[in-house]
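Below: one structure, written as C-alpha cells.
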Amino acid sequence: MEKETKEAFSGPSRRTHCLGTPIVYAPVKADLTGNIKKIRAVYESNPTKFKTLQNILEAEKEMHGSAWPKVGATLALMWLKRGLKFIQVLLQSLCDGERDEENPNLIRVNATKAYEMALRKYHGWILQKLFLGSVYALPYKSDLLKALEMGKEVKEEETLEKIHQFLTRVTPILDAIYEMYTKMNAELNYKA
C-alpha cells in the first residue's frame, strides 16, 4: 500500500485519546485498530500481490464469491472508511468554524454533524442512542486541540491550520476509497 494511505489509516487510531474519556474513545480505538490490523494482515501476507487496497478487494471478491463483500479486509475497510469519514467531517467542521454559539468550546455540534453524515444510517437504534449520550462525554474544543498538539500550548489558529493541511492530504485518499467501493459495488447498507 502507498505510504500516504498507510499514514492516513494509522494516524487516527493513535489519536483517539483526544476524544476524551476512555468510555468514549476505547470502543472507537478498538474498532479502528481492529480494522487496520485485518487489512494489514492481508497486505503483509503478500505485499507484492496486494500493493493497493483495490488489489485486496479484487482478490477477496474472487476468493470469497457470493460472501463478498461481507467478509475479510473488504468488510474491515468498509467500516474503517466510515470511521475515518466521521473523523474527517468532525475535523472539517472544526476548521470551518462551526459551533454552538451558546457553548463555543463544546464540540457536540461538530460530532453530531460528523455522525449524521458518516455513521448514523449504518447504526441501529441502540447505537444511535449510545452516540447521542456519548456526545456529553466529549472533550472541550480547547482540550481536543491541545491533545492533538500532544499537550503543547499552541494557538488555536495554528492547530486548525495543521488540521486543514492534514485534511488536504487525507480527503482525496478517502474519496478514492469511497469511489472504489461504489465502482466495485462493495458498499453494504445494513445496520450494526
Side-chain angles (χ1 to χ4, degrees), residues 1-16 19 25 27-96 110-128 130-131 134 163-192:
M1 287 186 286
E2 293 181 26
K3 180 183 174 195
E4 295 84 7
T5 305
K6 285 181 184 177
E7 290 172 4
F9 287 170
S10 298
S13 68
R14 288 190 305 241
R15 301 264 193 214
T16 53
L19 295 175
Y25 73 77
V28 174
K29 181 176 183 170
D31 190 46
L32 290 173
T33 303
N35 288 325
I36 291 168
K37 283 181 181 178
K38 289 175 190 171
I39 298 162
R40 185 171 282 141
V42 172
Y43 167 74
E44 289 174 352
S45 72
N46 191 340
T48 304
K49 181 179 180 180
F50 301 125
K51 285 184 181 177
T52 67
L53 293 170
Q54 185 168 340
N55 294 149
I56 292 172
L57 268 63
E58 289 169 345
E60 285 194 343
K61 184 176 185 177
E62 185 177 316
M63 182 172 45
H64 295 295
S66 63
W68 187 87
K70 301 175 219 147
V71 295
T74 302
L75 184 63
L77 180 58
M78 182 188 70
W79 282 105
L80 178 61
K81 73 179 180 59
R82 292 172 181 174
L84 293 173
K85 183 71 166 180
F86 172 84
I87 293 168
Q88 175 203 24
V89 174
L90 172 69
L91 294 176
Q92 187 63 59
S93 178
L94 289 170
C95 286
D96 292 345
N110 315 93
T112 301
K113 176 181 181 176
Y115 183 74
E116 290 293 324
M117 291 182 70
L119 295 171
R120 186 176 188 273
K121 69 180 177 179
Y122 305 114
H123 285 172
W125 183 83
I126 292 174
L127 284 176
Q128 290 176 16
L130 281 171
F131 174 80
S134 72
I163 292 170
H164 176 74
Q165 291 171 11
F166 168 77
L167 291 170
T168 300
R169 291 188 313 272
V170 170
T171 298
I173 296 168
L174 194 53
D175 289 347
I177 294 169
Y178 269 86
E179 184 178 332
M180 176 181 63
Y181 267 71
T182 300
K183 284 182 178 177
M184 294 184 71
N185 200 26
E187 190 64 51
L188 299 172
N189 290 314
Y190 71 90
K191 292 183 184 275

(request) State which residues pass side chain to side chain contact (heavy atoms under 4.5 Å, CB included) with S45; sequence neighbours excluded, sorted by chain then number. (result) F50
(request) Enter the distance from I126:CD1 to K191:NZ here, rounded to the nearest 0.5 Å. (result) 13.0 Å
(request) Start with the C-alpha distance between L127 and L119, add both sets of side-chain angles, then the distance that settles side-chain contact (heavy atoms from CB on, under 4.5 Å), and finish with yes or no. (result) CA-CA 10 Å; L127 284 176; L119 295 171; over 6 Å; no
Identify all side-chain donor-acceptor contacts of residues 70-80 below 3.5 Å with residues at least two apart in sequence or on another chain.
from: T74; atom 1: OG1; to: E60; atom 2: OE1; distance (Å): 2.6
from: T74; atom 1: OG1; to: W68; atom 2: NE1; distance (Å): 2.9
from: W79; atom 1: NE1; to: Y190; atom 2: OH; distance (Å): 3.1

(request) Apply side chain to side chain contact (heavy atoms under 4.5 Å, CB included) to Q88 and list each qualifying residue two or more places apart in sequence or on a separate chain. (result) K85, L167, T171, L174
(message) I need the minimum non-hydrogen distance between I163 and C95, along with the two atoms involved.
(response) CG2-SG, 3.4 Å
(request) Would you mind listing every salt bridge (Lys or Arg N to Asp or Glu O under 4.0 Å) that reaches into residues 176-186, with sequence neighbours excluded? (result) E179-K183
(message) Are T52 and N55 packed together at the side-chain level, in the sense that at least one heavy-atom pair is separated by less than 4.5 angstrom?
(response) yes
(request) Any chance you could measure K121, atom NZ, to E116, atom CD, to the nearest 0.5 Å? (result) 11.5 Å
(request) State whether the number of non-hydrogen atoms from other residues, nucleotides or ligands found under 6.0 Å of Q165 atom CD is greater than 12. (result) yes
(message) Quick check for you: to the nearest 0.5 Å, what is the distance between K51 atom NZ and N46 atom CG?
(response) 10.5 Å
(message) Could you measure the distance from the CG atom of N110 to the CD atom of Q92? Nearest 0.5 Å is fine.
(response) 11.0 Å
(request) May I ask you to test the K38-V42 pair for a side-chain heavy-atom distance under 4.5 Å? (result) no
(request) Find the distance between CZ (R82) and CG (N35) and round it off to the nearest 0.5 Å. (result) 10.5 Å
(message) For the CE atom of M117 and the CZ atom of F86, what is their distance to the nearest 0.5 Å?
(response) 12.0 Å
(request) State, yes or no, whether a side-chain contact exists between L57 and Y181 at a heavy-atom distance under 4.5 Å. (result) yes
(message) How close do Q54 and M184 get, counting heavy atoms only, and between which atoms?
(response) CG-SD, 4.2 Å
(request) Check whether any side-chain heavy atom of P69 sits under 4.5 Å from a side-chain heavy atom of L188, and report yes or no. (result) yes
(message) Donor-acceptor check, side chain of T168 to backbone of H164, threshold 3.5 angstrom: yes or no?
(response) yes
(message) If the condition is ring-ring contact (aromatic ring centres under 6.0 Å, His included), which residues does Y115 pass it with, not counting sequence neighbours?
(response) H123, F131
(request) Would you indicate whether the side-chain heavy atoms of I173 and L84 approach each other to under 4.5 Å? (result) no
(request) For E44, check side chain to side chain contact (heavy atoms under 4.5 Å, CB included) against everything at least two apart and list the hits. (result) R40
